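Worth saying up front: this structure is predicted, and the values here are computed from it rather than measured. In what follows, every heavy atom counts, from backbone to side chain, and hydrogens, waters and symmetry copies are set aside.
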Amino acid sequence: MSSGAVNNKTQSNGRRPVTATEFVIRGRPVSRGLAIGNIVCLFGDNRQFYRTRIAPPDVEKEIERFSAAHRRACRRLERIATAANSKGDNFASIFDVHLSILEDSSLKESIENAIRQHLFNAEWAVKIVTDSYIGKYRTIPDEHFRDRYIDVEDIAEQLQAALGGGRNRVHLAPGSIIAARELRPSTLAELAANPPAAIITETGGWTSHTFILAREIPAITGLRKLMRRISSGTKAIVDAYAGDVTFNPTEKTIAGYRSSIEKVGKFSASFDKFPAGEITTLDGRKIAIRLNFDVPSSFHKAKKLGAQGIGLYRSEYLFNRFKGFPSESVQAKAYREIAKFAGEYRARIRTFDLSVGQTVEYSARRENNPALGLRAIRLSLAADKHFRTQLRALLQAAYETNIDIILPMVNGVDEILVARQILEEETDRLSKRGVEYGKPRLGAMIEVPSAVVCIEQILEEVDTVLLGTNDLVQYVLAVDRDNEGVAGWFRTLHPAVLLSLRRVFEAAAKASKPAIVCGEMAGSPFYVPILLGLGADELSMNLNSILRVRRVIEAIAFEEARELASVLLSKKTAAQVEEAADIFFQKHWAHLLSVGTSELFRA
C-alpha cells in the first residue's frame, strides 16, 4: 500500500475487519510501539496549540487573557524596535511596521469578536483571523503590499508566543494520541510531564529532533492529509510496528490490538531483570553508556540499567519551557540539579542550539536555508548577551559539581577560541561579584564536515567532543534529514560517514580525550556494533534504548566488531555497505536476530 493510502479492505491477518466507519492510514513508523486512545489535534507551526471551545461564562475571561497577551506582545515589540533603532540596524523599520499592525484596533477587535461569537479559544481565534488577513494580502496585485502577508505571519507568531500556546490549561487525558501536521520539539518538551500515548503526524523524519525526543512514545509520520481527515475525540489505534493508524476501530479490532499490547508489555518486562555492573563486550572491551537527559525520572531509571552520567543535555529545553531565554538564576538552578544527578560521571550540557527563527530578537531575519544560517554557536556569539548569561549560570552550577560545557555546531577552532574568551570574561565578572563558581570543562559538538577535517586542532582546544551523528550525516551528504523528497539520499552507512566517524575516533584516542556518540546511531542496536568497530567506546542515548543496546554490547565480541568495520570500510557505496552489514550480522550474530530477540534490532 502506498504511503498515506486509505485502506478499505479487510486485512489478511483477520485482525482488522473494516466497517463503513473504520479506516486505516499507513505511514512510516519512527518510534515503535502500540497504543489505543482518543485523538487530540494540535495546530500552529512555531507555537502549537489545541483548538478548544470556551464555555459561555468564560468568554470574557478568555478575552482578557488575549488582551493581556496582546499587551505583552506590544511591549516586547516596542523594546525590540527601540533597541534596533538605537543601534541603527537596517531592519529596525520592520519592527515599527509590525508594531503598527499589532496595534491596529481592527485586528484586535476581530480576534476578540471571534472569541465572543464563536466561543473559540484565543489561540484559535488568532489563527483564523490572521489567516484571513494573510489570504487578503496575497490577492493584492501590487507586489510591495502583497508581501505584507509575511509581516502578518510574524505578528501571529508574536501573539501565539505571548499566549504561550495554552497547553498548560489543557490536561491530556490518559491514552491521548497527539495528531499534528508537524510536531515541534518545543511542544513535545512541554508535554514531557504529561506525555501522550502516541504521536501521529503528516511530516517529520526518523532523525528529526522531535522524533529523537519521542523515542519512548509510539510514533508514526508520513500520514498524508491527516489533519483533513480527523478531528479531536476520534478513537484510534496506533500500530507503530506496521506503520498503520486505524481510526474509528470496531470492538473486535480493539480486542485484537489489546492482546498485542499485552504481549509487548511482557517482552519489555523481561528486560527489568538486568544485572548491574560494568558493561563489556564478550572479550572484555569496556563500553560506557550515558544518558541523553530530558527529565529527572529518566536518569533514575537509566542509572539502574548501568548508565554512567549524562552524555548530553539539550539546554534549549529550558528555552522552550520558559518561552524565551530563561534568567541566570533559573538556568543555574536547573544545571546544578542536572549535575548532581550525574555525579562523578559528569553532565555534558550543550549551550542553546537554536535557530534564528526561534528567537524574537532576530525573527525578522528570514533565512532561505536555516540549517546553514544563523544558528547554534553562531547565534550564541551573535547574541552574546544571552550566551554570557548562560555561561555565568553554567559556571555557578559547576561549583563543586562536574560539568562539561558543550558548544554546538562548531566548524573549527575560531568559535571555540571566542567562546573560551567570553567564558574567561564571565568567570572574572563572577569573581568580582563574589559569586561562587566552578571550573567546567569545555567540549564541542562534531556535526559538520569542517569540524571532522579540523578534528586534531579542535581536540587541542577542548577537553571532549560529542558526535551528533544525525546532523553529521545531513551535512556530510548535503541531505535535509526532514525533507521527504530526498529521504533516499540520507544514508547513515554512506562510506563518507563511516570514514568521518573513524577519523574522529582515531584523533580522540591519539589525544587521549573522550569522543561520545550522542546521535541516533548510538541508540540503535543495529549501528552500535559498527560504531564499536570504528573505535567508539562511549555512547549516549535516550532511556528506552539502553536495555537493547546493552544486551547487544554484551552479546558480541569487540574483535568481531572491528572485523565488521574493516569489511564495511572496504566498500565503495552505501548500498554495498548496507548489504555487507546485513550479511555479516546473519553470519556472526544470527542469535541476536532470532525469534524472541529480534526486538533488539527494531529501530
Side-chain angles (χ1 to χ4, degrees), residues 79 83 86-87 89 309-310 312-319 322 324-354 356 359-362 374-446 451 454 457-466 511 513-514:
R79 290 195 299 270
S86 65
K87 294 179 181 179
D89 287 347
I310 294 169
L312 176 65
Y313 174 70
R314 304 173 178 92
S315 64
E316 54 270 18
Y317 279 164
L318 295 175
F319 178 91
F322 294 97
F325 290 99
S327 68
E328 181 177 326
S329 61
V330 166
Q331 291 189 62
K333 180 180 178 182
Y335 301 147
R336 187 176 295 111
E337 290 176 351
I338 292 165
K340 287 181 178 179
F341 281 128
E344 63 178 304
Y345 293 114
R346 312 193 70 83
R348 295 148 191 91
I349 299 175
R350 188 178 68 190
T351 58
F352 292 129
D353 187 2
L354 300 169
V356 68
T359 61
V360 174
E361 291 91 331
Y362 291 89
L374 189 60
R375 54 161 296 198
I377 188 61
R378 301 169 184 175
L379 181 60
S380 292
L381 296 179
D384 71 343
K385 172 186 174 183
H386 301 299
F387 187 49
R388 289 174 180 273
T389 298
Q390 184 172 32
L391 291 182
R392 289 196 302 273
L394 286 163
L395 283 164
Q396 293 171 68
Y399 179 69
E400 296 185 343
T401 66
N402 299 301
I403 285 178
D404 290 353
I405 298 174
I406 308 299
L407 306 176
M409 200 182 166
V410 301
N411 64 19
V413 171
D414 289 348
E415 297 110 329
I416 297 171
L417 295 179
V418 175
R420 188 184 295 280
Q421 177 62 35
I422 295 174
L423 185 62
E424 291 173 356
E425 292 171 1
E426 295 309 316
T427 300
D428 186 58
R429 179 177 296 185
L430 290 176
S431 179
K432 290 178 179 178
R433 285 167 45 189
V435 177
E436 293 178 325
Y437 61 89
K439 295 182 179 180
R441 301 192 315 191
L442 191 63
M445 296 293 302
I446 305 301
C454 298
Q457 294 93 325
I458 289 174
L459 283 164
E460 291 176 1
E461 301 297 335
V462 299
D463 302 294
T464 184
V465 292
L466 275 67
K513 294 182 178 179

Between A393 and A332, which heavy-atom pair has the shortest distance, and what is it?
CB-N, 3.6 Å
Looking only at heavy atoms, the pair that brings V462 and G443 closest together is CB-CA, 4.1 Å
A side-chain contact here means heavy atoms from C-beta on lying under 4.5 Å apart; do F387 and L407 qualify?
yes
Specify the closest pair of heavy atoms between G438 and P440, including all atoms of both residues, with the distance to one decimal.
O-CD, 3.3 Å
Euclidean distance, N402 CG relative to I310 CD1, rounded to 0.5 Å:
11.5 Å
Kindly compute the distance separating CD (E415) from CD1 (I458), expressed to the nearest 0.5 Å.
8.5 Å
Any side-chain heavy atom of I338 within less than 4.5 Å of one from T401?
no
Kindly assign one of parallel, tilted or perpendicular to the pair F352 and F325, based on the angle between their ring planes and the thresholds 30° and 60°.
perpendicular
How far apart are the C-alpha atoms of D353 and R314, what are their side-chain angles, what is the distance that settles it, and do they pass the side chain to side chain contact (heavy atoms under 4.5 Å, CB included) test?
CA-CA 8 Å; D353 187 2; R314 304 173 178 92; over 6 Å; no
Using side-chain heavy atoms (C-beta onward) and a distance below 4.5 Å, is L318 in contact with P326?
yes
Are any non-hydrogen side-chain atoms of V410 and M445 less than 4.5 angstrom apart?
no
Using 4.0 Å as the upper bound for N to carboxylate O, is an ion pair formed by R433 and E328?
yes
Within this structure, what is the CD1-CZ distance for the pair I422 and R392, rounded to the nearest 0.5 Å?
11.5 Å
Could you check whether K513 pairs with D463 (Lys NZ or Arg NE/NH1/NH2 to Asp/Glu carboxylate O, under 4.0 Å)?
no
Apply side chain to side chain contact (heavy atoms under 4.5 Å, CB included) to the pair V435 and L395, showing each step before the final yes or no.
CA-CA 10 Å; V435 177; L395 283 164; over 6 Å; no
What's the spacing between E436 CD and L430 CG if we round to 0.5 Å?
11.0 Å
Could you go step by step and tell me if Q457 and E461 meet the side chain to side chain donor-acceptor pair (under 3.5 Å) rule?
CA-CA 7 Å; Q457 294 93 325; E461 301 297 335; over 6 Å; no
Any heavy-atom pair between the side chains of R420 and L442 that's under 4.5 Å?
yes
Donor-acceptor pair, side chain of S315 and main chain of R350, under 3.5 angstrom:
yes
Pairwise distance CG(L423) to CG(D428) - rounded to 0.5 angstrom
11.5 Å
Let me know which of Q390, Q396, K340 forms a side chain to side chain donor-acceptor pair (under 3.5 Å) with Y335.
Q390
With rounding to the nearest 0.5 Å, note down the distance linking CD1 in I377 to CD1 in I406.
11.5 Å
Quick one: list whatever passes salt bridge (charged side-chain N to carboxylate O under 4.0 Å, His left out) with K439, sequence neighbours left out.
none
At their closest point, which heavy atom of M409 faces which heavy atom of A376, and how far apart are they?
CB-CB, 3.6 Å
May I ask you to decide if L354's main-chain N or O and R375's side chain share a donor-acceptor pair within less than 3.5 Å?
no
Testing the basics here: between P408 and T351, what is the closest heavy-atom pair and its distance to 0.1 Å?
CD-OG1, 3.0 Å
